[in-house]
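For reference, positions follow the sequence shown, starting with 1.
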Amino acid sequence: MEAFSRRRCEALKLMVQAWPFRRLPLRPLIKMPCLETFQAVLNGLDALLTHGVRPRRWKLQVLDLQDVCENFWMVWSEAMARGCFLNAKRNKKPVQDCPRMRGRQPLTVFVELWLKNRTLDEHLTCLLLWVKQRKDLLHLCCKKLKILGMPFRNIRSILKMVNLDCIQEVEVNCKWVLPILTQFTPYLGHMRNLQKLVLSHMDVSRYVSPEQKKEIVTQFTTQFLKLHCLQKLYMNSVSFLEGHLDQLLSCLKTSLKVLTITNCVLLESDLKHLSQCPSISQLKTLDLSGIRLTNYSLVPLQILLEKVAATLEYLDLDDCGIIDSQVNAILPALSRCFELNTFSFCGNPISMATLENLLSHTIILKNLCLELYPAPRESYGADGTLCWSRFTQIRAELMKRVRDLRHPKRILFGTDYCPDCGNRSFYDLEADQYCC
């Protein structure tokens, strides 16, 4: 730590070569804005990597550049010092290297990739250039990959250097059209240990014909056949799902724990396929917020809730446009979700009577810690704005009836979105405004 803070480059080079542990967690130190010290570490590694045989006392196998807490080095160094002291007391003989470890084994470099600008930061640029020039001596591994905005030609050159088997989490949050997605698709299929996939803002180009769209979606969804570790799937504003959700669901080979499909357009047939998918029977989180269901039958949603009732802990149906006549379809299944701890139903234009009915069905859900409901329609004036005096009266009535039924841990009522700040205001049963 002192060598980094004082920029003792030659000392750093020698310390890396004499590092007595298997792993060197360097990320907290290279956050200090000095490329020179980071280059000194790489130079120290170079002196060892270029040997035909590793020096006998070299124990370093992993250069870890993943994020950890800010005080990691202080805590870790103290723990390692105590461990070394105890080991020395138990065994005074020097530890011998295993002969098999003294051969020329590639050094493993772990890094988290956040590809968010047209150009990389100087530390990552330096690292990738160093790795590229020594690809036979190194394994570049990445557990978390985030693509937040970078030309795909740059992304491709980076992915070619990474051991794709190591990737466990991927987030793609940039405005890709389908032709760009096809370039990413082959790499996705090689991420065989992927556990979490986040896709956001995928659009269908107006220049793509329906036949081309179907072909591209097929190429993409068939990659899920290779993802045998996938547990969490998040899709937000993914326009190509409309009418094609069955293609994706049929390629899932694992039981998902988390499924969020938000702000997408789905057909009623898509909901039916979702309720019939065998890979969703063990869901703990289900988020369908922002999917318009106003003109659909909610029987598929009822079947879906019945399937996941034994495991579901989080349910979000915000802004689905669910109206009074639809709510009854899901109430019996909802009341059997005994593991549910969070339920959000804001943005659905329901009446006071329907809201009371909904509350009476969630009474037996003892694990509910947070409930979010819409302010009932009677709270608004003819112009659509919240009538404060009327809402206060309704809230008092709801408070009395809820208290008669049970003692909730936390219930909040959300208004429509504010035209000024774009957020909702939330109110509990008793207090004034909670947040906006």
Determine whether [X] and [Y] make a side-chain contact, defined as any pair of heavy atoms from C-beta on separated by less than 4.5 Å.
X	Y	value
V41	L26	yes
L127	V111	yes
D416	Y380	yes
D287	L259	no
L159	L164	yes
K144	Q168	no
K213	F240	yes
M202	S239	no

Test side chain to side chain contact (heavy atoms under 4.5 Å, CB included) applied to L145 and V162, L113, I158, the passing residue: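 Filter result, single survivor: L113.
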Does [X] use its side chain to pair, donor to acceptor, with the backbone of [Y] at less than 3.5 Å?
X	Y	result
T218	K214	yes
T254	L256	no
N341	L368	no
T37	F4	no
R134	W130	yes
N163	H139	no
S209	Q212	yes
Q393	S389	no
T262	L288	no

Residues R336, E306: salt bridge by 4.0 Å N-O rule: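 Counted as a salt bridge, because a side-chain N and a carboxylate O are separated by less than 4.0 Å.
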Salt-bridge criterion met for D319 and R292 (N-O under 4.0 Å):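 Salt bridge absent between D319 and R292.
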Minimum heavy-atom distance between [X] and [Y], given as atom pair plus value:
X	Y	result
C277	K307	O-NZ, 3.6 Å
L305	C337	O-SG, 4.2 Å
L267	E242	CD2-OE2, 3.7 Å
I364	S335	CD1-O, 3.3 Å
T294	Q326	O-NE2, 3.1 Å
Q195	L230	O-CD1, 3.6 Å

Would you give the length of the straight line joining atom [atom1] of [X] to atom [atom2] of [Y], rounded to the nearest 0.5 angstrom?
X	Y	atom1	atom2	result
L249	I280	CG	CD1	8.5 Å
L188	L227	CG	CG	5.0 Å
D203	L178	CG	CG	8.0 Å
L398	I411	CG	CD1	8.5 Å
Q223	T185	CD	OG1	6.0 Å
L233	I261	CG	CD1	7.0 Å

Would the number of heavy atoms belonging to other residues, nucleotides or ligands and lying under 6.0 Å from [atom1] of [X] be above 12?
X	atom1	result
K257	NZ	yes
K232	NZ	no
W114	CH2	no
M150	CE	yes
R156	CZ	yes

Pair L365-I363, side-chain contact (heavy atoms from CB on, under 4.5 Å): steps then yes or no: CA-CA 6 Å; L365 303 181; I363 184 174; over 6 Å; no
Donor on one side chain, acceptor on other, D165 and H190, under 3.5 Å: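 No, no side-chain donor-acceptor pair sits under 3.5 Å.
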Derivation and outcome, side-chain contact (heavy atoms from CB on, under 4.5 Å), residues L271 and L301: CA-CA 7 Å; L271 291 177; L301 182 56; over 6 Å; no
CA sep, side-chain torsions, deciding dist, call: L274, L304, side-chain contact (heavy atoms from CB on, under 4.5 Å): CA-CA 7 Å; L274 179 59; L304 177 57; 3.9 Å; yes
Trace of the side-chain contact (heavy atoms from CB on, under 4.5 Å) decision for N236 with N173: CA-CA 9 Å; N236 176 60; N173 187 359; over 6 Å; no
Just distance, no hydrogens or angles: give the donor-acceptor pairs under 3.5 Å from side chains in residues 344-354, sequence neighbours left out.
unit_1: S344; atom_1: OG; unit_2: D318; atom_2: OD1; d: 2.7
unit_1: S344; atom_1: OG; unit_2: D318; atom_2: OD2; d: 3.0
unit_1: N348; atom_1: OD1; unit_2: C320; atom_2: N; d: 3.2
unit_1: N348; atom_1: OD1; unit_2: G321; atom_2: N; d: 3.0
unit_1: N348; atom_1: OD1; unit_2: I322; atom_2: N; d: 2.9
unit_1: N348; atom_1: ND2; unit_2: L317; atom_2: O; d: 3.0
unit_1: N348; atom_1: ND2; unit_2: F345; atom_2: O; d: 2.9
unit_1: N348; atom_1: ND2; unit_2: C346; atom_2: O; d: 3.4
unit_1: S351; atom_1: OG; unit_2: D324; atom_2: OD2; d: 3.1
unit_1: S351; atom_1: OG; unit_2: T354; atom_2: N; d: 3.3
unit_1: S351; atom_1: OG; unit_2: T354; atom_2: OG1; d: 3.2
unit_1: T354; atom_1: OG1; unit_2: D324; atom_2: OD1; d: 2.9

Near-ring test F343/Y314, centroid separation under 6.0 angstrom: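 Between F343 and Y314, which both carry aromatic rings, the centre distance is not below 6.0 Å.
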Validation row, ring centre Y427 to ring centre W388 under 6.0 Å: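 Yes, close enough.
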Lys NZ or Arg CZ of K143 over F110 ring: under 6.0 Å, within 45°: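 Yes, cation above the ring, under 6.0 Å and within 45°.
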